[in-house]
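Counting from 1, the numbers follow the sequence of the chain as shown.
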Amino acid sequence: MKLDHARAAALMLGLSFVAGCSPVVAPTPIPSPTYQCVPEAGGDPLPCGPIEFETSQRRDALYAEAEAVYRRLWAEMARVDSDPAPHMTTELEAVTAGPYRETLEQLLVAMRGNQRLSGDSSLVWVRRLIGLERSGSVVALNVCTDDRQALFANPAGGEPLQGRAVDRRVYLARADGVGPLRIVDSEFARVESC
């Protein structure tokens, strides 16, 4: 019987060596997803992680919403400025708030008798303004508009007045941090061209 135990022990020892010599298969690493983020100022996309990608997506959506709001304002102002007695419309109220709305109401009164007679205006470009805040804004845009091909009535009489190119900074916010973006403030300068 001792021989059987010895053979069994040798067999077990041999099997343990065979098992110890078998190759161990390393698990295949799962590749991490590579995201591409466009820098806030624009340019070529760069590799980024999932958190940066999500932040980038939210930021891009905010700028896209801000541009859509400005384009609504621009389209409505192009319609309103051909009226000899322009006034605040529901569309203008929908895209403005705060100091900007107050200034716009005053501008519409000042525009009476200065309506567009002919020609077109163009929104030449819209760009992101990074890191600028005014009147509680959460996002800002730089836009350039060109009215140089348009003629406007002269409220003092005489020859029509030629339009101008204007470079604007536009600041947008949400009422109490919720709801749609609205233009709350702006700055502008007349320029030779856009």
Side-chain angles (χ1 to χ4, degrees), residues 31-82 86-108 110-111 116 120-148 150 163-194:
S32 60
T34 302
Y35 296 95
Q36 296 288 314
C37 296
V38 176
E40 186 170 3
D44 295 329
L46 302 170
C48 62
I51 293 171
E52 294 88 356
F53 180 74
E54 185 178 318
T55 300
S56 173
Q57 293 295 301
R58 281 196 311 269
R59 181 198 66 224
D60 292 348
L62 181 65
Y63 278 113
E65 182 184 356
E67 182 173 341
V69 169
Y70 186 79
R71 287 184 181 279
R72 282 178 64 189
L73 172 86
W74 174 254
E76 184 66 359
M77 285 302 295
R79 189 185 73 73
V80 167
D81 76 1
S82 62
H87 61 281
M88 183 63 79
T89 65
T90 55
E91 179 68 357
L92 291 175
E93 288 175 349
V95 296
T96 62
Y100 186 80
R101 182 180 293 169
E102 293 167 14
T103 301
L104 182 58
E105 287 171 341
Q106 294 168 7
L107 175 66
L108 291 169
M111 287 172 52
R116 176 189 314 273
D120 291 323
S121 298
S122 58
L123 175 55
V124 179
W125 48 257
V126 178
R127 297 180 181 149
R128 297 174 175 189
L129 272 178
I130 301 165
L132 293 181
E133 183 274 333
R134 193 168 175 176
S135 300
S137 65
V138 295
V139 64
L141 298 173
N142 185 205
V143 297
C144 196
T145 58
D146 191 347
D147 287 341
R148 292 175 301 156
R164 299 182 180 189
V166 179
D167 187 342
R168 289 181 176 83
R169 289 181 176 180
V170 182
Y171 302 90
L172 298 96
R174 299 185 194 285
D176 299 322
V178 295
L181 283 175
R182 293 172 189 240
I183 301 167
V184 293
D185 215 331
S186 74
E187 304 169 282
F188 73 93
R190 292 185 174 112
V191 292
E192 290 299 316
S193 64
C194 293

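In this structure, CG on Leu92 lies 6.5 Å from CE on Met77, to the nearest 0.5 angstrom. Atom SG in Cys194 sits 8.5 Å away from atom CG in Leu123 (nearest 0.5 Å). Once rounded to the nearest 0.5 Å, the distance linking CD of Glu187 with CG of Asp167 reads 10.5 Å. Atom CG of Leu181 and atom OG of Ser137 lie 10.0 Å apart (nearest 0.5 Å). For the atom pair SG (Cys48) and OH (Tyr35), the distance works out to 8.5 Å, reported to the nearest 0.5 Å. The distance from the CG atom of Leu129 to the CD atom of Glu40 is 10.5 Å, given to the nearest 0.5 Å.
Contact record, Tyr100 with Ser186: CE1-OG, 3.3 Å, taken as the closest heavy-atom pair. Summarising the geometry of Met111 relative to Pro86, their closest heavy-atom pair is CB-CG, 3.8 Å, with the distance given to 0.1 Å. When all heavy atoms of Val69 and Arg182 are compared, the closest pair comes out as CG1-CA, 4.5 Å. Scanning both residues, Ala140 and Leu132, for their nearest heavy atoms gives CB-O, 3.9 Å.
A donor-acceptor pair is defined here as one N or O able to donate and one able to accept, closer than 3.5 Å; no such pair exists between the side chain of Ser56 and the backbone of Glu52. In this structure a side-chain-to-backbone donor-acceptor pair under 3.5 Å is present from Arg148 to Glu192. Arg168 contributes no side-chain N or O that, together with a main-chain N or O of Val143, makes up a donor-acceptor pair within less than 3.5 Å. Although no hydrogens or angles enter the test, the distance criterion places no donor-acceptor pair under 3.5 Å between the side chain of Glu93 and the main chain of Thr96.
Using a 3.5 Å distance cut-off with no hydrogens or angles, the side chains of Ser121 and Arg116 do pair a donor with an acceptor.
Salt bridge present: Glu67 and Arg71 bring a charged side-chain N and a carboxylate O closer than 4.0 Å. Note on Arg72 versus Glu91: salt bridge recorded, some NZ/NE/NH1/NH2 to OD/OE distance being below 4.0 Å.
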Check your understanding: Passes salt bridge (Lys or Arg N to Asp or Glu O under 4.0 Å), Glu54 versus Arg58? Steps please.
Key -> CA-CA 6 Å; Glu54 185 178 318; Arg58 281 196 311 269; 2.9 Å; yes

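The side-chain contact (heavy atoms from CB on, under 4.5 Å) test with Arg128 singles out one residue from Val139, Asp60, Leu62, Asn142, and that residue is Asp60.
Looking only at side-chain heavy atoms (C-beta outward), Ile130 and Tyr63 come within less than 4.5 Å of each other.
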